[in-house]
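In what follows, a structure is listed as structure tokens, so that the remarks can point back to it.
Basis for what follows: all heavy atoms, side chains included, without hydrogens, waters or symmetry-related copies. Below, chain A is the first sequence line, B the second, and so on; all start at residue 1. On a predicted model such as this, the values are computed, not experimentally measured, just so you know.
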Amino acid sequence: MRHRSWVAVGTAAATIGLIGAGGASPANASSHREAPAISADATADNTDFYMFRDGGNVNLIANFAGLELPQGGPNFVKFGDDVLYEIHVDNNGDVVPDITYQFRFRSTVGNPNSFLYNTGQVTSPSDPDLNVKQTYSVKRIKNGVETMLATDVLTPPVNVGPRSTPNYEAALATPAIGTLAGGAGKVFSGQREDPFFADLGSIFDLLALRPIQSNHVIGTPTNTNGVDGLKGLNVHTIALQVPIGDLTSDGTTPTTVDRKASVIGAYASASRQRVKVLSLDGGSAPRNAGRFVQVSRLGIPLVNEVLIPLGSKDKWNSTFPKDDAQFFGPILDPEPTRLLPVVYPSVFKAQGQPGANTPGGGAANRPDLIQLLTGQLSGLSAANALPPADLLRLNVAVAPVTGTDANRLGALQGDAAGFPNGRRLTDDVVDIELQVLAGVLLPGFGNGNPANPIPGTGVPYSALADGVDRDEGGASNTVTPLVTFPYVAPPFSGYSGSQNTGTP
Amino acid sequence: MATSFLFLSDESFVAGLADAADWARRRTQLPAVTGFEITATEGDRVTVELRHKPGLDSFVGLSPGRQTALYVTRAERGGFLVDAEPTTDPILPADADAAKAAAAWAARVQACDQPGARALEAIDPIFLSLRQGLKLCQATGSVEVGPVGRLEPGPVSQDIVGQYSTDALTWARVVPLTAPIRLLVILAPIGNEWKVLGLTEV
């Protein structure tokens with residue numbers, strides 16, 4: 001029985017692998033290099049967006065510049081001085097941002113005659129030995145009213161190594177936490193460890209899932225644990241913490257879960273100016289002109305990566321959630337779901353085949369995806385459903401629960417405080433969405449329980465997993481989020497060779 | 001914002017405006033209008049002097065205290081509607097005042113009066129590209145400045161353009177400090193005054 005299950009799941013893995021080969025791979029998850037244009041522009045590439053409560057606050061965390069090598073000097077990764085970074089919040093359910101937080105960065109070079117990033121040991125964010133400094137400003141646009149929340153906040157240096165940036169967290173990162181105007185909020189922007197986890201390497205290899213790879217159509221003899229493809233890599237994080245009342249439409253902290261005003265929807269974006277002119281002689285930086293246009297956006301993880309066809313991905317990045325109806329065709333008829341019976345014929349049967357056990361497409365057949373897009377998986381009843389859109393929804397009336405290995409599947413494990421009600425750093429969105437696309441939430445399929453078998457098989461929906469359940473993958477080298485703001489763990493140092501060791 | 005959207009011409013949408021949300025988003029990239037005065041009309045062209053709270057930030061760039069905007073109007077739907085994007089020109093203080101501002105700032109730095117100098121700067125900190133550091137404090141000799149010029153594309157302007165876009169090449173001014181040390185002082189128009197935006201070597 002067990003062997004049969006593995007065979008079945010192995011076939012499913014192959015199915016997903018072919019999906020990846022078609023350019024819509026969960027391996028791109030969450031949004032590292034997910035679309036053609038933005039894959040060539042890491043600085044503006046929004047890789048992940050997280051939103052979760054902590055006490056009376058909401059934390060909004062947007063990551064950029066994924067797959068960042070810690071030792072990538074001497075010109076280490078930094079935020080783009082020419083990029084407009086934004087976090088948008090809709091609090092009245094019309095899918096148009098009511099609050100937008102904007103971030104603009106500015107770099108300064110202390111000594112242009114040196115190639116060094118730092119000319120000595122850096123002991124504070126403002127240390128003169130830090131040759132390349134970056135500061136930023138934060139502006140809020142709330143119902144059309146603009147307020148400058150912070151100006152010239154220092155970012156910490158990147159974590160170069162023990163000689164250059166000793167005592168990194170206490171001396172460099174923590175002092176770089178800024179306070180927003182009015183004192184009721186915090187902000188942090190800088191290099192962190194990439195909290196996203198997925199077996200990128202295996203999934204890209206024709207979507208083999210290591211725990212069951214012996215059953216892959218191109219089989220490997222031995223099954224192994226999954227390997228976090230982002231192991232040892234950093235990212236650049238913009239983290240914002242604001243009181244719940246700053247985000248809700250009436251300024252209060254709601255306590256009633258099934259109430260439209262209790263749910264906020266958010267996404268992060270990056271924009272560039274329309275015109276970029278390169279210098280003929282290379283003697284000056286490119287010149288930028290014109291208004292900013294959006295080049296990247298991210299709300300619900302994996303929507304662009306898995307559901308939007310390759311030819312529409314760049315368009316998706318340039319459009320706004322209020323216009324998402326144009327994409328509902330592919331979203332509600334997910335290509336991965338349609339491919340399951342093609343590549344996994346021993347387990348999955350397509351609609352119209354005897355023993356059909358994969359969901360059909362369209363709104364009538366995918367109420368689970370409708371519920372995801374309308375906030376019903378964030379605690380709202382059908383009567384209070386919001387307009388469908390790719391917004392990460394957070395019901396702020398739901399009490400927060402700390403994310404752990406035990407609740408990594410969020411709502412699939414009955415944890416109402418986890419994804420898709422917001423997204424914590426520990427939520428395993430790859431496994432969750434693999435199982436959802438296969439129909440785990442649907443009546444007549446998984447009936448909402450990952451332990452239930454795929455109809456007509458002995459294979460539980462929970463077997464659709466990449467085998468990477470936590471950041472950095474294994475139990476021995478797990479990176480745990482901080483328990484306080486900015487939550488995202490400290491970055492790996494360049495000196496550590498972390499991509500080989502997986503240790504800071 | 002919603003009301004102003006209703007006054008936009010069909011040509012605005014032909015030119016790329018999508019909807020009210022797009023209109024609101026575009027406005028966030030422009031200085032907030034605090035007042036206006038119609039100064040001329042000629043056919044379907046209306047010239048308006050817009051007033052803003054003067055400032056310079058990395059989100060909207062320069063907010064000139066006053067700005068001339070040339071609006072194109074169109075007879076549509078029984079009245080006149082306005083194209084969304086007027087042609088604008090900031091009304092800047094006189095160029096000659098830029099030289100005075102640079103000299104005043106240099107004099108305060110020479111006196112090692114940091115707070116005094118800071119009051120004459122447009123941003124904190126100013127753009128600085130000096131290999132040898134700023135040796136003006138306690139330098140001997142009188143302050144002398146050369147003729148006012150425009151900020152040109154190139155290494156001198158690249159950081160400023162990176163922050164404020166190519167628009168900076170139209171509104172920034174450059175004043176050479178010829179004594180007691182040689183520097184290029186870059187100035188920005190903040191309201192009716194020129195303030196120091198950056199320094200670079202000659």
Contact origin within A:Val138 toward chain B - heavy atom pairs under 4.5 Å: backbone

Contacting moiety of A:Glu146, where chain B heavy atoms sit under 4.5 Å: side chain

Choice from B:Val161, B:Asp19, B:Asp167 maximising heavy atom contacts with chain A below 4.5 Å: B:Asp19

Toward chain B, the part of A:Phe320 with a non-hydrogen atom under 4.5 Å: side chain

Stepwise side-chain contact (heavy atoms from CB on, under 4.5 Å) check, B:Arg25 with A:Phe292: CA-CA 10 Å; B:Arg25 194 163 42 248; A:Phe292 283 91; over 6 Å; no

Over 12 non-hydrogen atoms of neighbours within 6.0 angstrom of CD in B:Gln114: no

Over 12 non-hydrogen atoms of neighbours within 6.0 angstrom of CZ in B:Phe13: yes

B:Asn192 CG: over 12 foreign heavy atoms closer than 6.0 Å: no

Region of B:Gln29 that comes under 4.5 Å of a non-hydrogen atom in chain A: side chain

Which portion of A:Ser137 sits near chain B, non-hydrogen atoms under 4.5 angstrom: both

Interchain contact, B:Glu85 with chain A, by part (heavy-atom threshold 4.5 Å): side chain

Structural part of B:Phe127 lying under 4.5 Å from a heavy atom of chain A: both

When A:Asp81, A:Asp323, A:Asp152 are compared by non-hydrogen pairs under 4.5 Å with chain B, the top option: A:Asp152

Option that, when pairs with chain A are counted at under 4.5 Å, heavy atom only, ranks first among B:Thr28, B:Asp124, B:Ile123, B:Leu169: B:Thr28

Separation between CD of B:Gln163 and OG1 of A:Thr108, rounded to the nearest 0.5 Å: 10.5 Å

Partner of B:Ser58 by side-chain contact (heavy atoms from CB on, under 4.5 Å), out of A:Lys139, A:Arg106, A:Arg104: A:Arg104

Heavy-atom closest pair, residues A:Phe103 and B:Phe59: N-CE2, 3.7 Å

Nearest-0.5 Å distance that lies between atom CD in A:Gln102 and atom CG in B:Asp57: 9.0 Å

